[in-house]
Structure formats: structure tokens, C-alpha cells
Protein chains: 2
Amino acid sequence: MYSVAVEDYLKSLWKLGPNNVGTKQLADNLRVSKASATKMILRLAEKELVDHIPYKGASLTKKGELEALSIVRKHRLLETFLSQTLGLGREEIHDEAEILEHALSKNLEMAIADYLGNPTRDPHGHPIPGPNGELYNETDLPLCDSPINMSLIVMQVPDDDPSILSWLENNGIHPGTILKIISRDKFDGGLNVKIGEVKKRISSSIASLVKISFEVEN
Amino acid sequence: MYSVAVEDYLKSLWKLGPNNVGTKQLADNLRVSKASATKMILRLAEKELVDHIPYKGASLTKKGELEALSIVRKHRLLETFLSQTLGLGREEIHDEAEILEHALSKNLEMAIADYLGNPTRDPHGHPIPGPNGELYNETDLPLCDSPINMSLIVMQVPDDDPSILSWLENNGIHPGTILKIISRDKFDGGLNVKIGEVKKRISSSIASLVKISFEVEN
DNA sequence: CACTTATATTAGCCATGGCTAACCATTGTA
DNA sequence: TACAATGGTTAGCCATGGCTAATATAAGTG
């Protein structure tokens with residue numbers, strides 16, 4: 001078993017990956033000093049969880065990646081579980097899961113996955129890695145890069161920013177929402193979209209965090 | 001928020017209380033050295049969580065007791081929640097709750113209590129403290145001290161020893177079981193009991209861990 | 001009362017994981 | 001090419017929470 005801090009570093013590296021991650025980027029992501037990040041990277045390299053090239057950056061080894069995926073799995077299963085059983089909203093579950101993920105045994109993880117019917121997406125639409133780190137559903141596209149005038153289905157919304165999430169929720173955008181891009185602002189990249197008959201404007205920064213798939217016609 | 005270690009010390013002190021608890025007793029309970037226990041007791045005294053009389057022992061202050069009760073509440077709510085939602089057995093839930101209790105926010109605690117209908121007993125029959133540390137159900141008696149030939153209802157079984165718990169479970173003894181003491185062994189204090197029409201022998205060590213109340217005739 | 005035994009404390013070490021301050025390396029631009 | 005600026009590392013400090021070994025106190029016994 002690894003400590004909470006080690007697990008947090010691995011998870012951050014995974015989220016920032018798959019390429020080499022710089023010390024500053026990692027430090028900023030975890031809100032610690034660069035020195036702390038360097039120290040931890042050296043320790044992770046010692047444990048063969050990352051490869052580290054001094055002054056160049058670090059990247060997860062296979063072993064480190066599996067460990068990171070295990071935490072991500074626990075996080076997303078917990079979000080799903082809390083949402084299903086307690087009816088907590090998409091904005092609330094992230095912070096709780098962020099803490100609980102480090103306290104979830106393999107046994108409980110399995111019991112929860114079983115209870116939920118081994119889901120492959122969490123309430124934000126993010127893919128849930130399998131018990132051995134298998135990841136599917138990697139084909140979703142950022143909304144900001146999607147084609148105009150096609151029927152798109154929202155697959156993923158971000159999970160870690162309650163304010164963005166509330167905005168999306170209030171505007172009827174969550175996994176499963178069907179929308180069309182009508183036009184794209186040439187200057188700031190913002191999108192004009194149509195949800196049902198309602199028109200909305202989505203800023204480019206938010207649109208880059210929403211992922212879509214093409215609606216299956218049947 | 002206090003650290004996991006601090007919370008564990010407070011919980012142990014509460015379980016071993018309410019009188020002064022010796023350093024060795026505490027150290028044994030937490031499986032740490034006496035030196036570690038002494039050091040922590042000094043720190044807890046610093047934070048005004050315990051009163052410490054050197055070479056005499058420590059006892060929780062009101063502040064420390066409330067903190068301990070908060071952890072106990074989380075523990076017992078979690079046991080109840082895991083049992084209800086995931087159907088985990090009485091033998092499994094303790095160890096999981098032991099870890100999760102430190103990662104449960106006040107918010108989630110409330111959501112779980114609400115979901116469960118604010119229960120006052122966990123699956124082992126232990127009373128669940130209220131959100132502000134209120135404790136009722138303190139009148140249950142140890143089975144070993146109970147009178148012969150009266151209809152007794154099992155209220156509490158121990159929560160922290162899976163082997164004892166399995167034995168009890170296999171012999172049909174859990175919260176709600178109704179039994180009578182037929183006779184008590186004069187030499188070792190073991191009990192001969194009748195559950196329904198079935199006779200069982202319960203060792204005095206186990207009987208001291210089972211608590212009963214008198215069956216209400218109605 | 002003296003002496004043994006059990007219990008408690010202190011001193012000092014270690015690992016973890018933060019931090020600041022100071023010092024290196026890399027990069028981009030004048 | 002020189003020299004900021006940015007990014008990365010090192011040194012050295014701190015708190016937490018373990019540990020052992022040595023010492024101090026309390027309690028029980030001849």
C-alpha cells in the first residue's frame with residue numbers, strides 16, 4: 001500500500017500524462033512547492049513508479065500507471081456509488097471521492113463495482129478503468145473541436161470544478177445531452193449551440209472540457 | 001481536522017475510558033510502543049484533548065470526548081451503511097469502517113445518516129452517537145452477569161474480532177436473538193443457554209462481550 | 001524498609017512530506 | 001553570443017509519528 005501523498009502524485013502524473021510531466025506543472029497541479037515535487041519524484045523513481053530525467057521531467061512506468069489507474073478506478077466508482085445510493089449531485093461527489101479513494105480497500109472496491117453492475121462510466125461520463133487497469137471509451141472528442149451542424153451527444157463533463165459543473169448543469173448540459181453546434185466564434189472560439197430548440201453560447205474554455213461522441217441514429 | 005493517528009488515539013481512549021487510561025494499556029490497544037503513546041498523550045494534552053497526570057494516566061477532556069464520539073459515530077454509521085447497501089457481513093464491516101471513518105466528511109456523514117433514517121444502533125447493536133455526541137442505549141448488561149432463566153434479548157455483539165463474531169453468527173447469536181441462561185459453570189463462569197429449543201455453551205470470555213436487555217413482554 | 005517488577009518518561013534516531021532560500025540548467029531573445 | 005526568465009534541483013529546516021535504549025517512578029513483596 002502506498003501513502004495518500006504518493007497516490008496523489010501518481011494520479012496527477014496520470015492526469016497530466018502520457019508524455020513527460022515537468023516538475024512545475026506537477027507542483028502546480030498538486031499545489032505544493034517545486035522542491036516538494038522534486039523530492040517526491042526522486043522517491044517515486046526509487047520505487048520504480050516513474051522514470052525521471054533530471055531537468056526534463058518524469059513519466060509513469062507501467063507499474064506507476066497501473067497504480068494510478070487503480071486510484072482513478074476507485075475515484076470513479078466512488079463517485080458513481082455516492083451518486084446512486086445517496087443521490088448526491090455531480091458537483092458534490094468529486095471532493096468526497098478525492099478523499100475516500102485513498103481509504104477504499106480492494107475488497108470494498110469489488111463489492112461496490114459489483115453492486116453497481118460494473119459500470120464503465122461515472123456520473124461525469126468519464127470511463128472507469130477495469131480492475132486491472134483496462135481503459136475503453138477513449139474516443140470521445142472535445143466539444144470545441146467538433147464539427148458544425150451534426151447531432152452530438154455529450155459524453156463527459158469535467159469532474160473537478162463545481163462552478164463549471166453548476167453552469168453546465170443549469171444550462172442542461174450533462175452526459176446524455178444531445179446538441180448541435182450552430183456556429184463558432186472566429187475570434188474567441190466560443191460556440192453557439194442548440195439544445196432541443198434552445199440556443200446557448202458556450203465559451204471556448206468550457207467547450208474544451210466537454211467531450212462528445214456522434215449521436216447514433218437508429 | 002485531526003490526523004488519522006490523533007483520531008485513533010482519541011477513539012482508543014474513549015473505548016478504554018471513562019476513567020484514567022494508563023500509557024501501557026493505550027499503547028497495547030493501538031499496537032504501538034509505550035514511548036509513542038507517551039509522546040502522543042503529551043501532544044493531545046497540548047491540544048487540550050486529554051488531561052494528563054504524569055505516571056498516572058490520561059483521560060479525555062470534554063473536547064476530546066466529543067471528537068472521539070464523532071469518530072465512533074462515523075464508524076458505526078459506516079458499518080450500518082456498508083451492511084445495508086452492499087450486504088456485507090457483520091464480520092467484514094469493522095475493518096473497512098476502521099479506515100473509512102477517517103475519510104468521511106461531516107457532509108457525507110449527514111447524508112448517510114439521513115439515508116439510513118438516523119439509526120440509533122449499528123449492525124452489532126452498538127449505539128450510534130448523535131451528531132452532537134448524544135449517546136443513549138447505555139443500559140445493556142453483559143450476558144455473563146445476567147440472571148438465570150429469564151428471557152433475554154441480545155442487544156450488542158463485539159465488532160472488532162471476526163473470529164468471535166463468526167462463532168456467534170454460526171451459533172445463531174446476533175442482535176435480536178432471544179435466549180435464556182439455564183446454568184452457569186461454577187468453575188470457569190461458562191454459560192449454558194437455550195436459544196429456542198437448542199442448547200449451547202458460551203465461554204465466559206465471549207459472554208462478557210455480548211450485551212443483553214430483558215425481553216419486553218407485550 | 002529495601003528490593004524487584006511493572007509502568008512511564010526522556011533522549012535520540014528514522015522516514016515521510018511539507019516549506020524557503022539558494023543555486024544550477026535550459027531556453028528564448030536581444 | 002550574452003543574459004534574463006523560467007524551470008529544476010539541492011540544502012537545510014520543521015512537524016508528525018513511529019522506534020529503541022536508558023532512566024525514572026510507582027507498586028508489590030519479602
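A note on names: the letters A, B, ... follow the listed sequences, proteins ahead of strands, and every chain is numbered from 1.
- At whole-Å resolution of the value, CG in A:Leu44 and P in C:dT16 are 11 Å apart.
- A:Asp122 and A:His75 share no side-chain donor-acceptor pair at under 3.5 Å.
- Residue-level contact check: A:Thr23 touches the backbone only, with heavy atoms under 4.0 Å from sugar-phosphate atoms and none from bases.
- Taking atom NZ of B:Lys24 as the reference point, atom C1' of C:dA6 lies 9 Å away to the nearest angstrom.
- Taking atom CD of residue B:Glu46 and atom P of nucleotide D:dT16, one finds them 10 Å apart after rounding to whole Å.
- The residue A:Tyr9 sits close only to the backbone: its heavy atoms come under 4.0 Å of sugar-phosphate atoms, none of a base.
- Comparing B:Ala35 and B:Lys47 along DNA chain D, the residue whose closest nucleotide (by nearest heavy atom) sits nearer the 5' end is B:Lys47.
- Within 4.0 Å of B:Lys39, counting heavy atoms only, lies at least one base atom of the nucleic acid.
- For the pair A:Lys34 NZ and D:dT9 P, the computed distance is 10 Å after rounding to whole Å.
- If you measure from atom NZ of B:Lys56 to atom C1' of C:dT7, you get 11 Å, rounded to the nearest angstrom.
- When rounded to the nearest whole Å, the span between CZ of B:Arg43 and P of D:dG18 equals 8 Å.
- In this structure, B:Val154 and B:Ile212 approach most closely via the heavy-atom pair CA-CG2, 4.2 Å.
- Between B:Val72 and B:Lys11 the shortest heavy-atom distance is CG2-CG, 4.1 Å.
- Remark: C1' of C:dG17 and CZ of A:Arg31 are 18 Å apart, rounded to the nearest angstrom.
- Considering all non-hydrogen atoms of both residues, B:Leu108 and A:Leu82 come closest at CD2-CD2, 4.0 Å.
- The separation between A:His52 atom NE2 and D:dT10 atom P is 8 Å, rounded to whole Å.
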